[in-house]
Amino acid sequence: MRHWLMKTEPSVFGIDDLQRKGREHWDGVRNYQSRNSMRDDMKLGDRVLVYHSSTDVPAIVGTGRIVREAYPDPSSWDPDSEYFDPKSGPDTPRWVMVDVAFESRFAAPLSLAELREVPALNGMLLLKKGMRLSIQPVTPAEFEVVLQQAERKAGRKGKGG
DNA sequence: GCCAACGTTGGC
DNA sequence: GCCAACGTTGGC
C-alpha cells in the first residue's frame, strides 16, 4: 500500500465536501506527472492526506482512501468544463481521475507552517521549494508522523491549551 | 531538439 | 497582488 498527498482548493472542493459526499471522483488534474502517479501507481486502498491549497491557511486537513483506480476523466472532453482539453476525447482520453473516499477530518488542521516545524518531515515533498505537484507520494513514515501531529494538536486543543 | 515566451501554481 | 518556480508551447 502506498501513501499520497492530494491537493484541493477548499473553495472548489474541500474536506467538508468530501465528508458530506462520502466519496468523490478526483477530476481536473491536468499535470502529466500527477496523472502518471494516478494512472500507474495509485492502487485501491492506498491512503491519502487531503491538503487545502490556495486558501488563507494552507493545511493538511484530513485523510482519505483510494476506492477506485484510474479511469478517464470525462471533464477533459466537456467543452463547458473549466478542465476542458481539446486534445482529449472519449476515444482518446488524455487525463484520468481516481475516486477518493472520506476517511477522517482532523479536529485541528496542520498548517504548512506547523508542518515545517516538524523535524521528521524535513524531507517531505510538500515542503520543498517550488513543489507544485497536486498529487505527491508520501512515505509511510511521513504519513504516520502527520497523523501523530494531528492527534497531538487535537489533544492540546481539547484540553484548552 | 533548443529555448524564449508565455501561462499556471500557490505561498506570502 | 506579487512573484518565484515550474510546465507548456511553438518558432526555428
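Predicted, not measured: the structure shown is a model, and the values here were computed from it. Per chain, numbering begins at 1; letters A, B, ... match sequence-line order.
Applying the 4.0 Å criterion to OP1 and OP2 of B/dG10, one finds that A/Lys129 has every side-chain N and O outside that range.
For A/Asp56 and B/dG10, the CG to P distance is 16 Å, given to the nearest whole Å. Between A/His52 atom NE2 and B/dG10 atom P there is a gap of 13 Å when expressed in whole angstrom units. Rounded to an integer number of Å, the gap from CG of A/Leu112 to P of B/dG10 is 11 Å. Summarising the geometry, the separation between CD1 on A/Ile60 and P on B/dG10 is reported as 14 Å, rounded to the nearest angstrom. Taking atom CE of residue A/Met131 and atom P of nucleotide B/dC12, one finds them 15 Å apart after rounding to whole Å. Here B/dG11 presents its P atom at 11 Å from CG of A/Leu127, a figure rounded to the nearest Å.
In the model, A/Asp78 has no side-chain atom that pairs as donor or acceptor with a side-chain atom of A/Tyr83 under 3.5 Å.
Proximity of the aromatic rings of A/Tyr32 and A/Trp95 is defined here by a centroid distance below 6.0 angstrom, and this criterion is met.
Judged as a side-chain hydrogen bond (donor to acceptor under 3.5 Å, both in side chains), and not counting sequence neighbours, A/Arg116 has no contacts.
Taking each heavy atom of A/Val98 and A/Ile66 in turn, the nearest pair found is CG2-CD1, 4.0 Å.
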Between the protein and nucleotides 4-8 of chain B, are there any N/O to N/O pairs under 3.5 Å, and if so, what are the atom names and distances?
from  : atom 1 : to       : atom 2 : distance (Å)
B/dT8 : O2     : A/Arg132 : NH1    : 2.8

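Within 6.0 Å of CG on A/Asp56 lie no more than 12 heavy atoms contributed by other residues, nucleotides or ligands.
Side-chain atoms of A/Asp17 come within 3.5 Å of backbone atoms of A/Gly14 as a donor-acceptor pair (strictly under, hydrogens ignored).
A/Lys87 comes within contact range of the sugar-phosphate backbone alone, with a heavy-atom separation under 4.0 Å but no base atom that close.
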